[in-house]
Novice: 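Here's a structure for you.
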Number of protein chains: 4
Amino acid sequence: MESKHDGKYNKILNAAIEVISEKGLDKTSISDIVKRAGVAQGTFYLYFSSKKALIPAIADNLLTITLEGIKEKIQGKENFWNVLEIVIDETFNITDEYKDVIVLCYSGLAIDYSLEKWEAIYQTYYYWLEEIITNAINRKEIISDINVKWTARIIISLVENAAERYFISYEQDDAQEVYKTELFNFLKRSLFKT
Amino acid sequence: MESKHDGKYNKILNAAIEVISEKGLDKTSISDIVKRAGVAQGTFYLYFSSKKALIPAIADNLLTITLEGIKEKIQGKENFWNVLEIVIDETFNITDEYKDVIVLCYSGLAIDYSLEKWEAIYQTYYYWLEEIITNAINRKEIISDINVKWTARIIISLVENAAERYFISYEQDDAQEVYKTELFNFLKRSLFKT
Amino acid sequence: MESKHDGKYNKILNAAIEVISEKGLDKTSISDIVKRAGVAQGTFYLYFSSKKALIPAIADNLLTITLEGIKEKIQGKENFWNVLEIVIDETFNITDEYKDVIVLCYSGLAIDYSLEKWEAIYQTYYYWLEEIITNAINRKEIISDINVKWTARIIISLVENAAERYFISYEQDDAQEVYKTELFNFLKRSLFKT
Amino acid sequence: MESKHDGKYNKILNAAIEVISEKGLDKTSISDIVKRAGVAQGTFYLYFSSKKALIPAIADNLLTITLEGIKEKIQGKENFWNVLEIVIDETFNITDEYKDVIVLCYSGLAIDYSLEKWEAIYQTYYYWLEEIITNAINRKEIISDINVKWTARIIISLVENAAERYFISYEQDDAQEVYKTELFNFLKRSLFKT
DNA sequence: GATGAATGAGTCTTCATTCAT
DNA sequence: CATGAATGAAGACTCATTCAT
């Protein structure tokens, strides 16, 4: 992946993700972040306007990673049910790796009603899935009398929620496959065109 | 329900909900809350051990209200699809009224990984819905090869998510019915026993 | 004099005057002030809304002291030229004692164009001198074709300026009497009714 | 006048005057100034040793402008009362134009007791007026038993003070002539040789 | 139980200044 | 001469919490 910004931006962003994962947002100070990033206090403000500006940046970063991972794994297997499986898999993987930061993203959402910002971040993801769904309808893989936009959003939120619920609740490890299957079937029953 | 505590507890809790709705959690100080509640600074700590203790209390309060509302409207109409409709309706209503605080509850979740606390709060709600689901299975209203526990949780999170997404995004008003129907059908397709 | 506020207000105010006299406003931190005053950091903000709020308070304090000193020394000797002499004397005394803070007051003026605040602080002093001047005119001690308001202000600013100029410039000590006489004569020539 | 330094010095100085007029000294950062001047951050330090060095430079600039304006208008009319009138006029004009920066100069004075610097800046102005006064005494236009040095300084400070007081207090516009006349008469009564 | 004045630790943010290019 | 990215020291201010009354 080619970085959106030069090295220092990413250094700070990654340091932030690390530290916040360990201590939580509230207990993480800018001082912690810059120390970890190996830059000066003031340098932070050269790349982020404030502490709050970190959260959308982290979310954006996470989502980009997720979508890239998904696309990479699809590699031509465009069948809807394949894609759905990959989406579920990849979401579970990313959620596992970044669970501590993901929760914070929800919190960030609360910090300043920046719903527009949020929607903007998810935009790419939504559009991508909407197209997948439309194609699936055309190929008669799924039912057609659904609202594509709404369905895309509901699938994403459902998968993300399930993954978070799974990992944040510290379930026993072997349950993961059961969980994912249950989720897949739930969606399949709702969308499969017989 | 008779209140868990005397008048001052509720005075403070309601003041907190009000102020937090207006200013957000971060910008709300204990000082703001007690001023609104008309009690002294120290009095807060007679009823809440800390500022963080407010969030589960608020969530508990909200959930209690929701479940009470649902139960009241059911009144014997125990048919699963009736119940589901009422759950959706009531969740949308409460979300509309308290949307500003609800987002905070997610954030609160992030504040100190108090997942156990969170699960405890939802416990009653989960149990109640699990029973509803079990009964529905027995009555053959819905399919039987599902994980009841998992399904209860996924339904609740799906409905809550949809409601939040709807109200926080400031959709046009007339869309609400469409949204609720789409949601209901989505669930029905997935659970209905033909 | 009975203090306008209770003990802690004055403790902080006096500590501020002391420290600022020693280090200058810019180099004086709130931390310095509260340490000197023997109170906690936060206590400062219970009595002053900000660091800037100190300056008018100091000015007010200084002017009150000056005017009280003058009134005390007058004691019935209401003759205008007596009063003028006392005003000059007292201004020189106070300026000598507080010269380091007085300069700051001018600076404070610059900090936020709070001319109204400034005028309000001087109001009492102005009114008092206007009355003295009016009486002097009536007693034919001074000429009558002058603008009383304007003259009161110009006398005060002239005397204050001369005193500051004298002490801040570190003139040789024996020059003080010469300076005061020159000032007195300058005013007398301008106002004396032959 | 030929500028003391090349174009960039003046660019920065003028930008500083502009920005400081708008925002006040405290809220003006070097960054603001260089942005306005259209030069790089580091360039500032090629021409000024520090932020504080700006203030004497501004004051010097202002005083030079004032004195040049006065000299230009005098043009041979060396009569003391003519000169005084011109001094008053010109001081009021400059004060009107630069009132926001002038206040700051006082504040600058407070910043680091640089009284010597201050005296140095005013030196030329003082000397010039001292000569005018001496000539006036010789021509018997004004009384002779005065301290020339002292009188020069008192006249300048009196006129400057009156002008500042006038403009900073936002008096009604038509009062200006009255004000100037009052000031002129005040000085004339004190110095005129009958 | 109730009060609210006092506390003081904690942190974001600013900005004058430097220096490698 | 000019640049402007990087620095990092410094400080104002907030606010959860306590405790004597």
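Quick note on labels: first sequence line is chain A, next is B, and so on, each numbered from 1.
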Novice: When you match D:A40 and C:T28 each to their closest nucleotide on DNA chain F, which lands nearer the 5' end?
Specialist: D:A40

Novice: For A:Y9 and F:dA5, give me the distance from atom OH to atom P, rounded to whole Å.
Specialist: 17 Å

Novice: Roughly, in whole Å, what's the span from CG in A:D32 to P in E:dG10?
Specialist: 12 Å

Novice: Any side-chain N or O of A:Y47 less than 4.0 Å from the OP1 or OP2 oxygen of F:dA6?
Specialist: yes

Novice: Looking at A:Q41 and E:dT13, is any side-chain donor or acceptor paired with a base atom of the opposite kind under 3.5 Å?
Specialist: yes

Novice: Please give, in whole Å, the distance from F:dC15 P to B:L25 CG?
Specialist: 12 Å

Novice: Calculate, to the nearest 0.5 Å, the distance between atoms CG and NZ belonging to A:N14 and A:K11 respectively.
Specialist: 11.0 Å

Novice: Look up atom CD1 in A:I20 and atom CG in A:D32, then write down how far apart they are to the nearest 0.5 Å.
Specialist: 10.0 Å

Novice: Which value, rounded to the nearest 0.5 Å, describes the distance between A:L13 atom CG and A:I33 atom CD1?
Specialist: 9.5 Å

Novice: Would you kindly give the CD1-to-C1' distance between B:I33 and F:dC15, to the nearest whole Å?
Specialist: 12 Å

Novice: Which part of the nucleic acid, if any, lies within reach of A:S49 when heavy atoms closer than 4.0 Å are counted: base, sugar-phosphate only, or nothing?
Specialist: nothing

Novice: Watson-Crick or G-U wobble partner for E:dG4, using a 3.5 Å limit on both distances?
Specialist: F:dC19

Novice: Mind telling me whether D:Y47 and D:Y9 have parallel, tilted or perpendicular rings, with 30° and 60° as the class edges?
Specialist: perpendicular

Novice: Looking across every strand, which nucleic acid part, if any, lies under 4.0 Å from A:T43 by heavy atom: base, sugar-phosphate, or nothing?
Specialist: base

Novice: If you compare every side-chain N and O of D:Y45 against the phosphate oxygens of F:dA2 (OP1, OP2), does one of them come in below 4.0 Å?
Specialist: no

Novice: On DNA chain E, compare the nucleotides closest to A:S50 and C:G42; which residue's is nearer the 5' end?
Specialist: C:G42

Novice: Check the distance between F:dG11's C1' and C:K23's NZ and give it to me in whole angstrom.
Specialist: 12 Å

Novice: With a 4.0 Å cutoff (strictly under), does any side-chain N or O of D:K8 reach OP1 or OP2 of F:dC1?
Specialist: no

Novice: Write down the distance between CG (A:D26) and P (E:dA9), rounded to a whole number of angstrom.
Specialist: 20 Å

Novice: Taking atom P of E:dT13 as reference, at what distance in whole Å does atom NZ of D:K27 sit?
Specialist: 18 Å

Novice: Rounded to whole angstrom units, what separation is found between the NZ atom of C:K51 and the C1' atom of F:dG11?
Specialist: 8 Å

Novice: Looking at every heavy atom in both D:I102 and D:E164, which two are closest together, and how far apart are they?
Specialist: CG2-OE2, 3.6 Å

Novice: For DNA chain F, whose closest nucleotide is more 5', that of B:S29 or that of A:L46?
Specialist: A:L46

Novice: Base, sugar-phosphate, or nothing for D:V34, non-hydrogen atoms under 4.0 angstrom?
Specialist: nothing

